[in-house]
Every structure is written in structure tokens, then in C-alpha cells.
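The block underneath contains the structure these notes are about, expressed in C-alpha cells.
As the structure is a computational prediction, the values presented were derived from the model and not from experiment. Letters A, B, ... mirror the listed sequences (proteins, then strands); counts begin at 1.
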Amino acid sequence: MLYRTAGQFKTSYKADQALFPIRQDAVLLAIILTFAWVIFPMTASEFAFQTLLIPILIYSLAAMGLNILTGYAGQLSLGTAAFMGVGAYACYKLIEVMDPILAILLSGVFSAGIGVIFGIPSLRIKGFYLAIATLAAQFFLVWLFEKWAWLYNYNASGAIQVPNLQTFGVYVTGPQASSVTQYYVILGIVTLMTVLCINLTRGTLGRTWKATRDMDIAAELIGINLMRSKLTAFAISSYLVGVAGALFVFMWRGAAEPNLFDIPLSFDILFIAIIGGLGSILGNYLGAILIVGLPVVLNTVPEALGLEIKSATVEHYNIMIVGALIVFFLIIEPHGLARLWALIREKLIIWPFPH
Amino acid sequence: MKHFTTLAAAAVIACSGVAAAAESLYVPNLSYRTGPFASTGIPLMNGQRDYMEMLNARDGGIGGVKIDFEECETGYSTEKGVECYEKTKGEAIVTQPWSTGITLQVLPKTNVDEIPILAPGYGFSPMADGKTFQWAFNAPSGYWDGADMIVQYLESQGSLEGKKIAFLHLDHPYGKEPLPILEALAEQKGFELLPIPVGLKEMQNQSAQWLQIRRERPDNVVMWGWGAMNAGAITEAVKTKYPMENFIGVWWSGQDADLRLVGEDGAGYKSISWSFPDNDAPVMAAIKEHVVDTGKSLSNESEMGGVFYQRGIVMSMVLAEGIRTAQEEYGTPMINASQLRWGLENLDITEERLAELGMTGMVAPFSTSCADHTGHSGGWMLQWNGSSFEKVSDHLSPDVASYADLAASKASEYAEANAPWAVNESCDSAS
């Protein structure tokens, strides 16, 4: 029906290897992009920007970074939040000397460096043992954010505050910046990173990572340099996570204390990646919508229906409903929401003749 | 389909119901009845809510307008706090952020959105500078006032020269807040200050910190604790047999429930406070009559007798008085956010007014002004006698002048870091 592929002939290998071998996928993406770039910014309220659009994009980017490492290269990491913190603190120091958007993009370089250092143990240890090594990064870096006063400019409260900064005469960070401007900056960066990631994971590097993930000994035997494969995964993943961390603080939160980057945030991002689907780019967005967006929407439901429920009770229901939904989605498709969508799409293509 | 129509009809009726009730002042509170700090949050939230409910039931609100006191649950999470702020700011005439993290985040936004931020007894101490922080209020007393009063009290017990005071604090912006004042006082009075931070993860297990206290043998321990840290410290102090009468907490470390855990063993523990529970106060009788007996309260009797529930009442009183002051000034009961700002800036809570409100002795008289958004009411030293807190000192007033310069320099530092920051120029002549 919607996904009828009749009449779409491929006459060359190039066409068969295209990003969208089926035209409907390209149309669907165009619709989503129109919504993201044109319709949402025109219609969204301040509330929608601050609690739905902006956080979903930022969390998606962080999950994408983790997905490169865990989903594509198979290296389990529990230190995502700490690497986000490195990005945020690097950005805080960089804005003193450069344009804020440039600082955000550059801050990822610092977290990439730290990521590579903490990735070195991955050459010797695997699986859960590596998770413990990244957990060390998590604890060490948060401790460092607390103790190294230079990082937060010797501020008495130990927190970093985002100043009002301009790019080309428009406020992009701080309370003076409008949500639409911030949204477009984030959307631009996230779109760019997504395109980069799709290309990377489909290319040589992505195949190297997947080979490492599926069986590292076999990968080594066919001539893949494991050290390079693992460390590039750590570097690129940490870069994305670092940029996400800088966006998280500078484009959304506006202030941050060291314990913001503690382990609960790491888990949130890991859950987004797992529920969305490891080893997929789309999954990060679906996971972020479920984990970040859904609770916000659920919170507004009783009020919209005119039910008199206390705010605290709504919060309790919310936690239960989101938890139940996570279990539900993982039961019907253990490989995550991206796989669920892939199956639905598959079924739509062969509809109405299932085999 | 039929069900759907019924539901839709119900929704329409409900929505029109909301529209009809629009003649009210929307006063949201970013509550935390869930999460790790719920045990401290629930009594405070109940106190705040019950006072407003009582005004609605007894007087039909304030100035004849009902108060729409609505809670938005944050669970003390900064993320949820920002969500709640964004959700409520459209209609709200005030925002009550509650956590230090949320206050830090919301403070710069309120200056742009022009909504008063009311943080009674918490938040950033330099907020007292009304010229710089024209939208922020932390009446009746700030943390720097608290630190100064504690040192004054200790000094009244004997000279501090050569003494050693341990400062056990949460390693968090909140816990670090009084450090500059304590350091300055240490230098001035000649005592040795020993800061001992407690990480967020160590709140429930402070054996390392108390081992250090045992080794260093400080003459006094001053605590800036919150949530689970208070109970952790108090039980640990009992366990290590630290003399309780030398142990003093800030006002958030003086909750009855934390001390009931140790009961008699905690006798002697002190806490500075700008509020005092008085079960016989007329306001408590009014709440009992209009809220508790009509089944509208969420509280219970033992909680209502505690320090925190009645502190919630005082906080709501501050807000209600701000609303009333603004209504009188502008001659309209339906005030807006900037009119409420004027009201909070011109609070004058005298002894007579407290008597009228039926709250004599529950808070010290204070007044705010354009330049002073705190009021510096001062407070009392409370002591745990094994079953409840009682006053053990006369009214203490902080020596505000001694750190006025520091407050002004911190405030201008903040304004500079957040430039362009709108300041209230008209305050110069008033101050």
C-alpha cells in the first residue's frame, strides 16, 4: 500500500547501494525534516521548545555518540555523562576566547582526547570488565569537576553559569537567547552530526567497528587493526558525546553543578540507546522520544482531560507508565524501537502478501 | 463511539470549568513530594498549601480573590524544575523554585521573563541585593545571616579565640554557600575553621567524616546538611558519642523527624531557625478549623506540630502578605507579576501584624525594601530536648553590615557574568 515498491527498478549497483533504495523512505525523511526545520519552529510554544524539542535533540545526539561505541563497535561504556561533562567544562573555558558555536564544536575534541585515554584499557579487557573501567572514568571525572576549581573559574558555589553570548549579533546562549535561535543551532549541529554518523557507519570505519563488535579475533585475522578500530570508536563517540554535553549545558540547562554529570545521566543515555536500538542511528531518536519526551506529554494529560489529580500523584503514575512501556516495548521487540520500525516497514513493503 | 462522546463532553465541561474559575491568582509551587528529599519536602509543602487553603476557606482568598495554589512536582530534579517553570510561567505571578539547583537555573530566566522568584530562607545569599536581583526575594533570612547568627551564639557561650570549629557541609552549591562568611569570621574572631565536605553519595554513610571529627576533636560542629545527610550525621554523632550540645545545624538541619530517630540520645542538638513552631498559635487553630476538620489537609497531627510544617506556613504567609501589600498599593485584587514584585519589596511584617495574623513568635518581625530583598529577620537557636525543639536563646540578629560589601561585590560579579543584566536603578536613592 504505502510502501509499494512496484515500478522502482534499480539498473546499477550504485542505485542498489543508495542510502534510500526505496523512494518512500526518502519521502518520509523529507516530511520529518520539514516538520523539524519548518513546522515545529513556527508552531511550538516556549514550553514545547524547552521541555520537548530541545532536550530530545540533545539526548538523541548523546545517545548517538554512545551508540557508535556500544552499538557499532561493541564496547560497553558507563561513562557517557562524564564525557558530556568534559565537553561542557571545555566549552565553558573555550567561550572566553572564541565564538560560542565554534566553542561547542571544538569542545568535543577535548572529550575525544579524554575518551581515547579511558579507551586504552579496552585493548585488553572486554565486556562487563570494560564497563567497570569506564565506570572509573565516570567517578574520577565527576570528582575532578568538583575539585579542580580552575574549571569553574573559582566560583564559590562550584557551579558553572552560562553567560549571554552572541554570534553575528544574535544571542545564542544564556537567558537572553530566544528558544527558536537555540533550537536552530542545536538542530543544525545535530543534523550535521547525524549525516556524518550515517556515512561513517556505512563506510570502511563502520564496517571495521562492526567486525570488531561481532568477533574481535576474526576481525584481527582478516587484517583489522583492533587498536585503531577501538580507539577511533572511542574518539568519535566521545566527540559526539562531548558536543552533546556542551549543548546540554549551554543551549538548554543554562547552569550545571558537577553532580549533574553523575551516573544517573549515564544510565539515562544508555537506556535511550538500548530501548531505541543498539547499532542504529534512527533508534537514538525513537529512544529519546520515549524516555525524554513521553513523560512530559504524560504529565499534561490529566490536566488536558480536566481530571483533578495531584501533581505528585501524576508523577508517580508517570514513572509507572513509562516503566511499563519500556518493559512492553522490550518484550515485543528486544532489539529496540528501531528494529520494531524495521519490521513494520518490512511488513508494509510485502503487504498484502505475507510469506 | 458513545464512550468517546461522553469523554469529550466531560473534557469540554472540565475545560469550561477552568475558564470560569479564572478570577483567581495563580500561585504555583515547584513541590518535591517524591524523590530522595521527599521527607523534608512533604511537611514544608503541606504547611505552605494548608495556609493558602485556610485563607481561601476563611477569607475567600486574599483581598476577595481566591488563591489558585497549584503544585508542580519536581522530585527535586533540576530538569523537572525547568519543565515546571516553563509550564507555569505564562499565568503565574510568582515562582517558588525550592531546590538550589532549580534556583540557579531559574534565576537568570526570571530576570528576562520578569516574574518574582520567592526563595524564603534559601538560595543564593547575595540575592538580598535588591538593586541587582530585582526579581529575586529570599526573605526572611539568608544563609549568610544564619552563619553569622550561629557564630554569634557560640561567642555568647564564651570567647572563640583559639577554638576549633568543624564545618560539616554538603559538597554542593548549597553547602558551600556560607563558607566565605565563616572564613571571614574565623579570621576576625580567631577560631580555626575546619571545612569537612560530605559528597552527595556519602550522605548516608559519613563514617569517614566522623572519624576525622573524632581525631581533630573540634570544640563545635556546625552542619549545613540537607535531606538524608541530616539523619546520617545525627546518628553518626550519637554513635561516635560526640557531645550533642556542641553540634549545631542550619535551619534545614532542624527537622523533628531526623531527631526522632535518635530520640533522647539526640538531646542537646541545636539548630538555628528563623521560624518557631507554636501549636497554640491562633493561625494553627484557624488551619485546624478550616482545613483539617473539613478534610482538605494532606498532613497529620505529629507532622503539624513540627518545625518544617510550620515553617511552610510562615513561607506562605510571606507570599500572602506580599500579595496583600500589592493589592492595597494598586487598588486591584487581580495583581500581576510586576505588581507582586512591588508588594514583596515593601513587606512590613511588624509585631502587630504578626499578632493580627495569629503568628506571634513564629517568625521575627522584618521588613523588606527596594535595596534589601531579604529583610534579615534574624531568628532563634532551637534545641532538641529529646522529644521536640525549644527556644534556647533570645532573638539573634545577624550583623548584616559586616558582610554588606561582600554581598555587593558578589552581586555585581553575578550581574557582570550574566551581562546584559537588568538592574533596578531606582534603588540607589532608597538604599
Side-chain angles (χ1 to χ4, degrees), chain A residues 45-52 55 139 142-143 146-147 153 155-166 171 174-179 248 252-260 262-265 268 292 295-296 299-300 302-308 310-316 318-319, chain B residues 7 10-15 17-18 29 31-35 38 42 45 70-75 78-80 82-87 89-90 100-101 104-113 124 171-174 176-177 179-180 197 199-201 298 410 413-414 416-421:
Chain A
S45 65
E46 185 78 7
F47 175 69
F49 273 123
Q50 290 296 329
T51 63
L52 290 169
F139 289 130
V142 170
W143 174 84
E146 251 163 48
K147 299 296 166 196
N153 286 352
N155 190 336
S157 68
I160 52 174
Q161 288 267 358
V162 176
N164 293 301
L165 294 171
Q166 295 177 322
Y171 282 110
Q176 297 279 351
S178 75
S179 292
F248 185 70
W252 183 41
R253 302 294 291 262
E257 313 139 26
N259 64 295
L260 176 64
D262 218 335
I263 199 146
L265 183 62
D268 277 348
V292 182
V296 178
N299 254 343
T300 59
E303 206 176 326
L305 290 177
L307 297 173
E308 280 284 329
K310 295 222 161 49
S311 181
T313 320
V314 173
E315 196 59 40
H316 283 135
N318 207 332
I319 293 168
Chain B
L7 257 181
V12 168
I13 293 166
C15 290
V18 171
N29 191 20
S31 64
Y32 58 106
R33 291 171 182 273
T34 61
I42 292 169
M45 301 305 138
E70 196 187 82
E71 288 181 357
C72 184
E73 178 65 24
T74 67
T78 315
E79 222 150 282
K80 287 261 191 277
V82 174
E83 182 188 321
C84 280
Y85 173 71
E86 293 293 342
K87 191 153 94 182
K89 80 174 181 191
T100 310
L104 267 175
Q105 210 115 62
V106 168
L107 184 56
K109 292 190 189 192
T110 53
N111 210 38
V112 177
D113 297 332
F124 194 46
D171 202 2
H172 189 259
Y174 153 70
K176 292 179 192 167
E177 188 72 36
L179 259 177
L200 281 171
K201 289 192 209 69
L298 300 173
K410 289 278 175 202
E413 219 172 81
Y414 186 94
E416 209 168 290
N418 284 281
W421 180 267

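Among B:P180, B:C72, B:S31, B:P420, the residue making the largest number of heavy-atom pairs under 4.5 Å with chain A is B:P420.
For B:E416, the CD atom is loosely surrounded, since the number of other residues' heavy atoms within 6.0 Å does not exceed 12.
Looking at A:K310 and B:E71, their side chains never come closer than 4.5 Å, going by heavy atoms from C-beta outward. B:Y32 is not listed as a side-chain neighbour of A:E315, based on a closest heavy-atom distance of 4.5 Å or more. Taking 4.5 Å as the limit, some side-chain heavy atom of B:Y414 sits within range of a side-chain heavy atom of A:Q161. By the 4.5 Å heavy-atom criterion applied to side chains, A:P175 and B:W421 are not counted as neighbours. Taking 4.5 Å as the limit, some side-chain heavy atom of B:K87 sits within range of a side-chain heavy atom of A:N299.
Checked by atom type and distance alone, the side chain of B:Q105 pairs as donor or acceptor with a backbone atom of A:R253 at under 3.5 Å.
Pairing each heavy atom of A:P163 with each of B:A417, the nearest pair is CB-O, 3.2 Å. The minimum heavy-atom distance between B:E73 and A:A312, with the atom names listed, is OE1-CB, 3.7 Å.
When the salt bridge (charged side-chain N to carboxylate O under 4.0 Å, His left out) test is applied to B:K109, the partners found at least two apart in sequence or on another chain are B:E86. Applying the salt bridge (charged side-chain N to carboxylate O under 4.0 Å, His left out) criterion to A:E146, with sequence neighbours excluded, gives no partner residue.
Using a 4.5 Å cut-off between heavy atoms, A:F49 does not touch chain B at all. Looking at B:L200, only its side chain comes within 4.5 Å of chain A, counting heavy atoms on both sides.
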